[in-house]
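Indexing begins at 1, ligand by ligand and atom by atom, following the structure's order. In this chain, residues are counted from 1 in sequence order.
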Amino acid sequence: MFQKILIANRGEIALRIQRACRELGIPTVAVHSTADAEAMHVRLADESVCVGPPAARDSYLNMPAILSAAAITGADAIHPGYGFLSENAEFAEMVEAHGMTFIGPSPAHIRMMGDKIAAKTAMASLGVPLVPGSAGELADLPEAQAVADIIGYPVLIKAAAGGGGRGMKVAQTAADLPDAWRLARAEARAAFGNDAVYMEKYLDKPRHIELQVMADAHGHVVHFGERDCSLQRRHQKLLEEAGSPVLSAAQRDAIGLTVTQALVKLGYRNAGTIEFLYQDGQFAFIEMNTRLQVEHPVTEMVCGVDLVREQIRIAAGQELGYTQADIRFSGHAIECRINAEDPETFSPTPGRVTTYHAPGGLGVRVDSALFAGYMVPPYYDSMIAKLIVHTPTRPEAIARMRRCLDEFVVQGVKTTLPLHRRIIDSPEFLSGDYTIHWLEQFVGQAH
Ligand code: MV4
């Protein structure tokens, strides 16, 4: 097992990883920017190193500074959390080149899944269902037109280096395609320095359902079921559920088997999330994330597993030690992401938190690095807490979430708590009958 783990992140996820380390008896090193010197992830770590000024590119994305911090503190492994350097293949390579372990997949798999075309090609060859579309990169507009004629409009042009919704253009009809083509390529070049694009049939009312997997270095792969992440606004998730309100146990088993068999053949290692669009009872693979995700707690609650502990054990070479048949899905879990944002405009609201009171009780979990007196800095993501509830059934989870949202008090900065109270009371959310588009129109409604 590792002697000391450096956590290359901040906020709630840095604390989350520290907690797993502490329970495994592994000392931790926190890194922080000058803006985070007083932050909870620094206070609770065994050691801490300042890695640079506030801007993320100078601190949490500063690879030489983070590697130096690991070297001088004698850390033998680095956990990247999510965001920042978590899906940076070059960083994972540098960690290994310095004789340390990157707690995550191999650099080759991170690189493969970062290229959305390579990811789709690999998954298709392994028997995972895809959205109908181009067989890889499109060379020119005539080829795009030919593919669109075969799969039928509407179509989407996506950037190979994209993901998370950036650089996507819809063409409703053949007349829209030339503009969509030019815009998608220009945006891809500007945003990613790579103008490779591909095409997919545009699905008009899908849900976003993702599967959590874990693979050890000995050829064993299991899945921990799905999360429904359809409640998003501008590609920012607000609320996630495990399991999906629309999936049966048989459907979960079937897609889980397809995915785990594919990842065994791929030789994948550590945690991963396979993202699907789900429409008309069909799964279509779109992307794979090669990191721990923000919403991992809902999976932990229904499976009774510590995913960060599993990541650390696997990275240290240990076997999973259980099979798919040992994994049971129990009850329902919901997570609300609480952001320091205006709940109407979604503009960030940095500032000092004067009052902080978190809810509690049976089946309630709050993952947060917040405390009364904390100054929410303007430099980073605005998420300040995750509220997770777990109960036997979905209606009970909704009732518990409503109760917890009413108990939760954050004063001094505006938060998205009032929006979550509205969502949890809406008939559409209650019914579970929503698509990826529902929240966009709901937030704009009079209330
Ligand atoms: C799509 C789609 C419809 N059809 N692909 C957006 C983020 C990126 N991960 C994939 N995205 C989409 N891809 C096809 N073929 C609709 C979206 C999409 C979306 C997906 C998941 C969650 C929220 C979304 C919001 C708008 C569009």
Side-chain angles (χ1 to χ4, degrees), residues 82-83 87 113-121 123-124 128-138 144 147-148 150-173 176-177 180-181 183-184 187-188 191-192 196-211 226-241 244-247 272-291 293-295 298 335 337 346 423 428-429 432 434-444:
Y82 53 68
E87 292 180 288
M113 299 308 169
D115 176 342
K116 306 304 161 186
I117 292 176
K120 287 188 63 167
T121 306
M123 287 299 172
V128 178
L130 305 187
V131 191
S134 58
E137 184 180 349
L138 291 167
V147 174
I150 294 167
I151 64 176
Y153 288 89
V155 298
L156 257 183
I157 316 262
K158 294 184 172 183
R166 292 187 303 165
M168 273 182 17
K169 291 286 166 245
V170 189
Q172 289 292 343
T173 67
D176 299 334
L177 193 56
W181 169 262
L183 275 171
E187 262 185 39
F192 315 112
V197 296
Y198 61 103
M199 181 181 287
E200 284 177 358
K201 174 112 187 137
Y202 177 70
L203 302 181
D204 63 339
K205 47 178 180 19
R207 300 178 74 106
H208 172 136
I209 298 181
E210 58 185 32
L211 202 78
E226 81 286 2
R227 296 183 285 261
D228 198 315
C229 306
S230 300
L231 294 185
Q232 316 204 2
R233 183 189 165 274
R234 305 213 177 145
H235 305 297
Q236 296 296 314
K237 295 171 184 166
L238 268 86
L239 182 155
E240 305 95 350
E241 311 193 56
S244 170
V246 297
L247 220 61
T273 300
I274 327 292
E275 289 191 7
F276 293 96
L277 296 180
Y278 178 80
Q279 183 170 314
D280 305 321
Q282 303 270 75
F283 282 99
F285 169 79
I286 49 170
E287 290 170 24
M288 178 166 181
N289 300 319
T290 55
R291 60 165 194 277
Q293 296 206 221
V294 175
E295 60 272 26
V298 289
E335 170 178 280
R337 297 190 187 189
F346 297 93
I423 294 170
E428 293 89 346
F429 179 72
Y434 53 80
T435 73
I436 59 168
H437 302 295
W438 175 72
L439 190 65
E440 284 304 330
Q441 59 95 33
F442 178 76
V443 296

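Looking at E287 and K158, no side-chain N of the basic residue comes within less than 4.0 Å of a carboxylate O on the acidic one, giving no salt bridge. For the pair K169 and D176, the salt-bridge criterion is not met [side-chain N within less than 4.0 Å of a carboxylate O]. Between K120 and E200 there is a salt bridge, since at least one side-chain N of the basic residue sits less than 4.0 Å from a carboxylate O of the acidic one.
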Tabulating one pair per line, provide the atom names and distances (0.1 Å) for every N/O atom of ligand 1 that is less than 3.5 Å from a protein N/O atom.
residue  : atom   : partner : partner atom : Å
ligand 1 : 4 (N)  : L203    : N            : 2.9
ligand 1 : 5 (N)  : K158    : NZ           : 3.0
ligand 1 : 5 (N)  : E200    : OE1          : 3.4
ligand 1 : 9 (N)  : E287    : OE2          : 3.1
ligand 1 : 13 (N) : K158    : NZ           : 3.1
ligand 1 : 15 (N) : E200    : OE1          : 2.9
ligand 1 : 15 (N) : K201    : O            : 2.7

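Taking W438 as the reference, F442 meet the ring pair (Phe, Tyr, Trp, His ring centres under 6.0 Å) condition, with sequence neighbours excluded. F346 is linked by a ring pair (Phe, Tyr, Trp, His ring centres under 6.0 Å) to nothing, counting only residues two or more places apart in sequence or in another chain. The side chain to side chain contact (heavy atoms under 4.5 Å, CB included) test applied to P132 returns I151, K201, not counting sequence neighbours.
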